[in-house]
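Okay, structure first, notes after.
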Amino acid sequence: MLTEVFFACLQHDGIVSVATTSADGEPHIANTWNKYLIVTEDEKILIPCYGFRKTERNAEACPHLAVTLGSHEVEGHRGMGTGFLLTGTAEFRKDGELFDRMKAKCPFANRVLIFTPDSCKQTL
């Protein structure tokens, strides 16, 4: 599902936004950077968490969320820059193999958001 252009995007500077909603339907967005993500062999996306407390509470109530990311350095559909919209489900862990992988890359992480995408659409 994840394309060559998606992986190219991760190799460049760019922002990642994680959008959730509360049980009451209130939207919330948390951010990180492309360079911190890890994609596993089975295409789960690991996102380091230090804050992300509201994101975690929201995901407990509704595990479906959206992730956007992009980079101006990768050519998209119409010239310079590309971006992606992914939808899927999330879970948070503070131990285990996936947490250990994230902690090795991002020592500041005290949890890992494990995002399992259902869709990945190139938007730019």
Side-chain angles (χ1 to χ4, degrees):
M1 172 187 352
L2 304 178
T3 66
E4 220 175 286
V5 177
F6 174 85
F7 284 103
C9 192
L10 291 184
Q11 300 305 310
H12 296 278
D13 286 338
I15 193 164
V16 176
S17 296
V18 178
T20 60
T21 56
S22 70
D24 297 331
E26 179 184 334
H28 175 72
I29 296 176
N31 296 302
T32 191
W33 302 105
N34 289 355
K35 67 182 179 179
Y36 293 146
L37 302 187
I38 297 172
V39 180
T40 67
E41 299 75 24
D42 58 351
E43 295 192 338
K44 292 184 186 301
I45 300 172
L46 308 182
I47 301 172
C49 299
Y50 181 77
F52 280 69
R53 298 294 180 188
K54 191 170 191 176
T55 303
E56 185 173 11
R57 282 192 306 273
N58 289 349
E60 287 172 1
C62 179
H64 299 281
L65 52 88
V67 173
T68 63
L69 61 92
S71 176
H72 69 280
E73 299 178 45
V74 178
E75 188 170 332
H77 292 304
R78 295 189 176 108
M80 186 176 278
T82 192
F84 291 86
L85 168 63
L86 299 96
T87 59
T89 56
E91 65 175 295
F92 285 76
R93 291 192 192 158
K94 58 183 177 179
D95 54 24
E97 178 188 344
L98 297 178
F99 172 75
D100 292 343
R101 283 180 69 182
M102 180 49 66
K103 186 74 171 173
K105 182 172 185 171
C106 300
F108 61 84
N110 57 20
R111 296 170 340 284
V112 62
L113 187 167
I114 303 164
F115 177 68
T116 303
D118 296 325
S119 69
C120 177
K121 180 181 178 184
Q122 188 173 350
T123 56
L124 293 171

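Note that these values count all heavy atoms, side chains included, but never hydrogens, waters or copies made by symmetry.
Using a 4.0 Å cut-off between charged side-chain N and carboxylate O, Glu41 and Arg101 make a salt bridge.
Few gaps surround NE2 on His12; more than 12 heavy atoms of other groups in view lie less than 6.0 Å from it.
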May I have the list of side-chain donor-acceptor pairs in residues 79-90 shorter than 3.5 Å, sequence neighbours left out?
from, atom 1, to, atom 2, distance (Å)
Thr82, OG1, Gln122, NE2, 2.8
Thr82, OG1, Leu124, O, 2.9
Thr87, OG1, Ser119, OG, 2.5

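For Arg111 (side chain) and Gly51 (main-chain N/O), a donor-acceptor pair under 3.5 Å exists by modelled atom type. A donor-acceptor pair under 3.5 Å is absent between the side-chain atoms of Asn34 and the main chain of Leu69, judged by distance alone. Between the side chain of Lys105 and the main chain of Leu37, a donor-acceptor pair closer than 3.5 Å is present. Remark: side-chain polar atoms of Thr116 are not paired, donor with acceptor, to backbone N or O of Lys44 under 3.5 angstrom.
Between the CD1 atom of Ile38 and the CE atom of Met102 there is a distance of 4.0 Å, given to the nearest 0.5 Å. Atom-to-atom distance recorded for His28:NE2 and Phe52:CZ is 7.5 Å, nearest 0.5 angstrom.
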*Checking salt bridge (Lys or Arg N to Asp or Glu O under 4.0 Å) for the pair Glu56/Lys94: CA distance, chi angles, key distance, verdict?*
CA-CA 12 Å; Glu56 185 173 11; Lys94 58 183 177 179; over 6 Å; no

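With no hydrogens or angles considered, a side-chain donor-acceptor pair links Thr40 and Asp42 at under 3.5 Å. Asn31 and Ser17 share a donor-acceptor pair across their side chains, judged by distance under 3.5 Å alone.
By the 4.5 Å side-chain criterion applied to Ile, Leu, Val, Met, Phe, Trp and Tyr, Tyr50 is assigned to a cluster that also includes Ile15, Trp33, Tyr36, Phe108.
Looking at residues two or more places apart in sequence or on another chain, you find no side chain to side chain contact (heavy atoms under 4.5 Å, CB included) involving Gln11.
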